[in-house]
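Presented below is the structure to which this report refers.
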Amino acid sequence: MTQATHKPIASNVDIINARVPGYQDLQMLLVNHEGVIEQILPMNTVCKRVPHPDVQIWDVAGDWISLGGVDLQINGALGLAFPELTAENAYMLPKISQYLWDVGVDAYVPTLVTTSVENFQRSLAIIADFASSSTVGAEILGVHLEGPFLNYGKRGAHPAEYLLPLTIEEVKRVLGNYASTVKIITLAPELDPSGEVIAYLHSLGITVSLGHSQATADQSQEAFDLGATMVTHAFNAMPPLHHREPGLLGAAITNPDVMCGFIADGQHVAPTMLKILLRATQELFLVSDALAPLGLPDGVYPWDSRHIEVKRGTARLLDGTLTGTTLPLFVGVQNLVKWGICDVERAIALATDAPRKAINLPVISPGQQASLLRWHWHETTQELTWQRLHNRG
């Protein structure tokens, strides 16, 4: 996929007195004129370096500096659901990518929920074509197929008529010629007792995420042993944690090689359960799970052949079934801090570094493009805010 060409910092800049996720104490980030982080150094080394005359010095006074967000589960935005992409509405993709950039997201994985094979193929073709040439807004890293290989009993709002058996033949039919475009597949491992499909997907370099599943802890561990490395929206569409049957989530949070995505909108998972989750494991990342009305006001919107009602950023079918949110990724960061679930550093990392780790991308470090955000904690209002760093005129 092609990297978007945004370079908010495009001159020699030393950012000083910065807190950086994963680094102790205050740091200095040295950014060169090509917009690349050259070094991240403790502030106590500043006196040993003589800056070049054309270097700008930006003192962020203890604020946090991070890369932009990465959203590994986002179903659409600005009124367009990714499974409904056509030649006629493909013009929305650059608008969505720009919108996501504007709300702090550097990169995303468009998510296709369960639909017909024809819809999968059409959307994959359009996204692949756009991603291969786009230099607008947030970068597309590939596609997340959330279905159609899901357990009927945990399908949630996924349409039952499009669920498929989990076999290599059906997987090949869905992927078609676009296996290289697919980054993540969510599936229910108990649908394939042989384990052949997970091994096959792993061989293609596709990240396998377990979700919408009734898998036991043993079945889940077998899937992890075969190469599954992620869990889709922890707690949701899976059996609850139980003291005699830990299930999919129990197996995941005790496995250091598995990362769990989760939603922090206050509706999908109660804040108390999120606090338990964050205490239980470090291997977590935030997702928005945002639906097509992301970026639009509350109201009733079409959703495949049905309708959803959005109230205060939460989307439900008209029968009350929870379908997702319409809140940007960073609302989850702000919620985690507001609810006292974790500190600012971890909250920021959960939406910036952790998703990158989940799909084997580098976290903030020398050599990275300096697509940087500045986060400020307001002691008076107890609010966390952010802004993109741009050159000062």
Side-chain angles (χ1 to χ4, degrees), residues 72-73 75 82-83 109-124 127 142-239 245-252 255 257-261 287 289 304 323 358-359:
L72 300 184
Q73 188 176 3
N75 305 285
F82 295 126
V109 181
T111 300
L112 304 181
V113 296
T114 301
T115 186
S116 68
V117 173
E118 293 73 22
N119 285 351
F120 277 127
Q121 292 286 297
R122 187 181 62 247
S123 294
L124 284 168
I127 292 170
V143 171
H144 180 171
L145 300 185
E146 189 185 353
F149 310 108
L150 310 179
N151 190 303
Y152 178 89
K154 288 295 182 182
R155 69 189 185 282
H158 288 245
E161 64 268 28
Y162 295 128
L163 296 177
L164 294 176
L166 183 57
T167 66
I168 290 179
E169 291 72 23
E170 291 290 357
V171 168
K172 288 181 176 179
R173 190 161 73 94
V174 171
L175 294 179
N177 297 321
Y178 301 102
S180 62
T181 301
V182 175
K183 189 75 174 178
I184 303 167
I185 289 184
T186 292
L187 55 79
E190 69 275 18
L191 302 183
D192 176 30
S194 72
E196 292 178 343
V197 173
I198 291 177
Y200 171 70
L201 292 169
H202 186 62
S203 74
L204 294 178
I206 296 173
T207 298
V208 176
S209 186
L210 307 187
H212 289 275
S213 168
Q214 296 274 25
T216 65
D218 289 343
Q219 289 172 322
S220 302
Q221 187 56 54
E222 289 172 4
F224 298 142
D225 291 342
L226 289 167
T229 58
M230 279 174 45
V231 168
T232 296
H233 45 48
F235 287 109
N236 298 116
M238 63 188 64
E245 176 46 68
L248 166 57
L249 186 56
N255 189 321
D257 298 322
V258 175
M259 295 195 68
C260 299
V287 297
D289 197 25
D304 57 49
T323 58
I359 54 173

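Here the structure is a predicted model, which is why all the values come from computation and not from measurement.
Residue pairs meeting the salt bridge (charged side-chain N to carboxylate O under 4.0 Å, His left out) criterion with at least one partner in residues 179-199, sequence neighbours excluded, are absent.
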Identify every side-chain donor-acceptor pair in residues 225-232 under 3.5 Å, counting partners at least two apart or on other chains, and give the distances.
residue	atom	partner	partner atom	Å
Asp225	OD1	Gln221	NE2	2.9
Thr232	OG1	Thr186	OG1	2.6
Thr232	OG1	Ser209	OG	2.8

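When all heavy atoms are compared, the tightest approach of Pro239 to Ala215 is CG-O, 4.4 Å. Taking every heavy atom of both residues into account, Ala237 and His233 meet most closely at CB-CE1, 3.9 Å. Across all non-hydrogen atoms, the minimal contact from Ala179 to Leu204 is CB-CD1, 4.4 Å. The two residues Thr115 and Phe120 make their nearest non-hydrogen contact at O-CE1, 3.4 Å. Contact detail for Ala217 and Pro246: the closest heavy-atom pair is CB-CG, 3.8 Å.
A side-chain donor-acceptor contact under 3.5 Å links His144 to the backbone of Leu72. Side-chain N or O atoms of His212 include none that pairs as donor or acceptor with a backbone N or O of Leu150 at under 3.5 Å.
Rounding to the nearest 0.5 angstrom, the gap separating the CZ atom in Arg155 from the CG atom in Leu163 is 7.5 Å. Atoms CD1 and CG, on Ile185 and Leu201 in that order, are 4.5 Å from each other to the nearest 0.5 Å. Within the model, atoms CZ of Phe149 and OG1 of Thr114 stand 9.0 Å from one another, a figure rounded to the nearest 0.5 Å. A distance of 8.5 Å separates OG in Ser213 from CG in Leu187, rounded to the nearest 0.5 Å. To the nearest 0.5 Å, the span separating CZ on Phe224 from CD on Gln219 amounts to 11.5 Å. In this structure, CG in Leu249 is found 6.0 Å from CE in Met238, a value given to the nearest 0.5 Å.
Of the candidates Val182, Leu124, Val117, Val174 forms a side-chain contact (heavy atoms from CB on, under 4.5 Å) with just one, namely Val117. Of the listed residues (Val208, Val171, Ile206), just one forms a side-chain contact (heavy atoms from CB on, under 4.5 Å) with Tyr200, and that residue is Val171.
Contact check for Leu112 versus Asn75: no side-chain heavy atoms found under the 4.5 Å cut-off. No side-chain heavy atom of Thr111 sits under 4.5 Å from any side-chain heavy atom of Ile184. Side-chain atoms of Leu145 and Leu175, non-hydrogen and from C-beta on, do get closer than 4.5 Å to each other.
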- Item | CA sep, side-chain torsions, deciding dist, call: Gln73, Glu146, side-chain contact (heavy atoms from CB on, under 4.5 Å) | CA-CA 9 Å; Gln73 188 176 3; Glu146 189 185 353; 3.1 Å; yes
- Steps toward side-chain contact (heavy atoms from CB on, under 4.5 Å) verdict (Ser123, Phe82): CA-CA 7 Å; Ser123 294; Phe82 295 126; 5.7 Å; no
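In this model, no donor atom of one side chain and acceptor atom of the other lie less than 3.5 Å apart for Gln214 and Asn151.
Note on Arg173 versus Glu170: salt bridge recorded, some NZ/NE/NH1/NH2 to OD/OE distance being below 4.0 Å.
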